[in-house]
Structure formats: structure tokens, C-alpha cells
Amino acid sequence: MLLFAAVTWQVAAGGPLRGLDERAGAALARPDGDSPGDAVAEFAADLGHLPVAAAVLALAAVIAVLLGRQRARAERRIREGAPAGARGEGEADGTAYAPGARHPWMPPSAAATALAAVPALVVPLKAWTARPGPDGLPLAAGEGFYPSGHTATATVAYGAAALLLWPYLRRTAARRLAVAFALLLNAAVGAGLVVRGYHWPLDVLGSWLLFGPLLWALSGALTGRSRGPARRRPRAARAPAAPDR
């Protein structure tokens, strides 16, 4: 957050970092380009639109709810009918005790709350900094371009989608792939916004610095339980030895 405060101060006060940022943004921007690379950049920038990002998060939430309910039913059957010492599927690695297993609607609700916090934080900051956008983008009254709302939306939505599915991915490789995919999407959105001339680079960086800690806090709420120590299966008591004859 200190780094975010420093960047925001440079942007609001028109410091030397802002001048460097605008020169770099002008050199990278291709708002009128029509090459295949420019089309890819435009597509990547569109991934930061709220309807697109929210739809991805909603899909991940539905999957998480269904898997959570399935796991809750499995645990209930085990508690009601399994012999002493029996364990549920996934207990060995701690995933059976993910927060969503017994309350499947809680993780999606937390993720939706985090996404709803994006405009609540971004809109006042845009109005306060009142930073003009790259050439050709008008600045309406009470608006600004810092921090980037598209970047913030993508950061929270795609990051939260990966976190919702995390407890149900048993293999480490699958978990790493989910995190890498979320990072790749966010990097693509940020690059697309700069290349297409919709935002300055610091607009993108500011959103990452602001909502990265929020996503980290959400990570602790959604997956902290599943990172706990594994529960070991109690050993069955040995049968008494047969008497010698």
C-alpha cells in the first residue's frame, strides 16, 4: 500500500514519474493500428469489461457451489454411516475442509463483495486525481483515468475465480495452472489497455497495487482453511492375539 500511495502521489502532483509514464505510454500506444497484434491487444483490453469479467467469476462461483455441495453431502454420509476412523475423500491433503465444503455459498458471496468494492474504491480515486487520459480520450467532469477500472475489475474477477476453484483442485500442477492463467489474463488486460491507448502504464500499475492486497486478503478467507495441516487417519486398534494352545 505504501508503493500505491507513492505512485498515486506522483500522479496527482504531476511528479517526474508521471512525466516518464506519459512518455512511455505515448511510445507504446497504437490506438489506430489495424495489425493482427493490435486486434489481439484490443481483445485483451475488452477482457477487462465488467460484463465479461463478471461472467467468468459467476461461472467459477456456480462450479464452486456445485462442488462444495457435493463435498458436503459426501462428508455428511461419512459422518453418518462410516465406521470410526474413516475419512472423506481429499482429507489427506486438507481440501475436504475448505470453507466452501460445508457453506458453499460463502466463498462466492465473498468474491462478489470484493468485485463490488471495485467501483467503490476506483470512482472516488478517479475523481480526486482527475488525470487526463492518453491523447484523444476526453476527461469528463468528475472523472479521471487513474487508477484503471478495467484493470481493477480483471484483477479481482479473474483472481477470485481462481481462488474459488483452488480448494477443489487436488493436484499442485492444476492449482499452479489456475493461478498462472489468472496472472496471464491480468497481464494481457493491462498490456492491451496501454497498447490500444486507453490508459497510461501507471493507471494499470496503480490498480494492481491497490487491489493486489484485497485479493490477498480474499485468498486468506477462501483458501486459508484448506492450507491448514492435514488431518491424519487414526490407526485402527490391533486385534488381540489369539491365545496359545
R18 side chain to Q10 main-chain N or O, any donor-acceptor pair under 3.5 Å?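 No, R18 side chain to Q10 backbone: no donor-acceptor pair under 3.5 Å.
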Do side-chain atoms of N186 reach the backbone of A182 as a donor and acceptor pair under 3.5 angstrom?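 Checked: pair present.
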Atom pair [atom1] ([X]) and [atom2] ([Y]), whose distance is rounded to the nearest 0.5 Å:
X    : Y    : atom1 : atom2 : answer
L177 : L169 : CG    : CG    : 9.0 Å
F145 : K126 : CZ    : NZ    : 7.0 Å
E42  : L47  : CD    : CG    : 10.5 Å
L214 : T155 : CG    : OG1   : 10.0 Å
W200 : L205 : CH2   : CG    : 15.5 Å
D32  : R196 : CG    : CZ    : 7.5 Å

Minimal non-hydrogen separation, [X] against [Y], with atom names:
X    : Y    : value
Y168 : A64  : OH-O, 3.7 Å
G149 : V122 : CA-CG1, 4.1 Å
L215 : L163 : O-CD1, 3.9 Å
V189 : A44  : CG2-O, 3.4 Å
A111 : L164 : CB-CD1, 4.2 Å
A12  : T129 : CB-CG2, 4.4 Å

Provide the full list of salt bridge (charged side-chain N to carboxylate O under 4.0 Å, His left out) pairs with a residue in residues 110-124, sequence neighbours left out, each pair given once.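 Residue pairs with at least one partner in residues 110-124: there are none.
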Under the salt bridge (charged side-chain N to carboxylate O under 4.0 Å, His left out) rule, what pairs show up with a residue in residues 197-213, not counting sequence neighbours?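 Non-adjacent pairs meeting salt bridge (charged side-chain N to carboxylate O under 4.0 Å, His left out): R131-D203.
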Is there a side-chain contact between L209 and M1, using heavy atoms and a 4.5 Å cut-off?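 L209 does not reach M1 side chain to side chain.
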With a 4.5 Å heavy-atom cut-off, do W105 and V65 have their side chains touching?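 Yes, their side chains come closer than 4.5 Å.
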[X]: side-chain contact (heavy atoms from CB on, under 4.5 Å) partners, not counting sequence neighbours:
X    : answer
A110 : L218, L222
S35  : R30, D38
L50  : A54, L115, T153
I63  : L59, L67, L165

L66: hydrophobic cluster co-members (side-chain, 4.5 Å):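 V62, which link up through side-chain heavy atoms under 4.5 Å apart, make up the rest of the cluster.
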For L2, which fellow cluster members are found when Ile, Leu, Val, Met, Phe, Trp and Tyr are connected by side-chain heavy-atom distances below 4.5 angstrom, either directly or through intermediates?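 Via sub-4.5 Å side-chain contacts, L2 links to none.
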Side-chain heavy atoms nearer than 4.5 Å, only ILVMFWY residues, links allowed to pass through others: does that put [X] and [Y] together?
X    : Y    : value
V7   : W128 : yes
W9   : L121 : no
V195 : Y146 : no
L125 : L3   : yes

With sequence neighbours left out, what residues match T151 under side-chain hydrogen bond (donor to acceptor under 3.5 Å, both in side chains)?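 Testing T151 for side-chain hydrogen bond (donor to acceptor under 3.5 Å, both in side chains), a comparison that skips the adjacent residues, returns S148.
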Only counting residues at least two apart or in another chain, list the ones meeting side-chain hydrogen bond (donor to acceptor under 3.5 Å, both in side chains) with Y158.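 Partners of Y158 under the side-chain hydrogen bond (donor to acceptor under 3.5 Å, both in side chains) test: none.
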Could you name each residue pair satisfying ring-ring contact (aromatic ring centres under 6.0 Å, His included) that touches residues 35-62, not counting sequence neighbours?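 Only H49-H150 qualify under ring-ring contact (aromatic ring centres under 6.0 Å, His included).
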Can you tell me which residue pairs pass the side chain to side chain donor-acceptor pair (under 3.5 Å) test with a partner in residues 110-121, sequence neighbours excluded?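 Sorted result for residues 110-121: empty, none.
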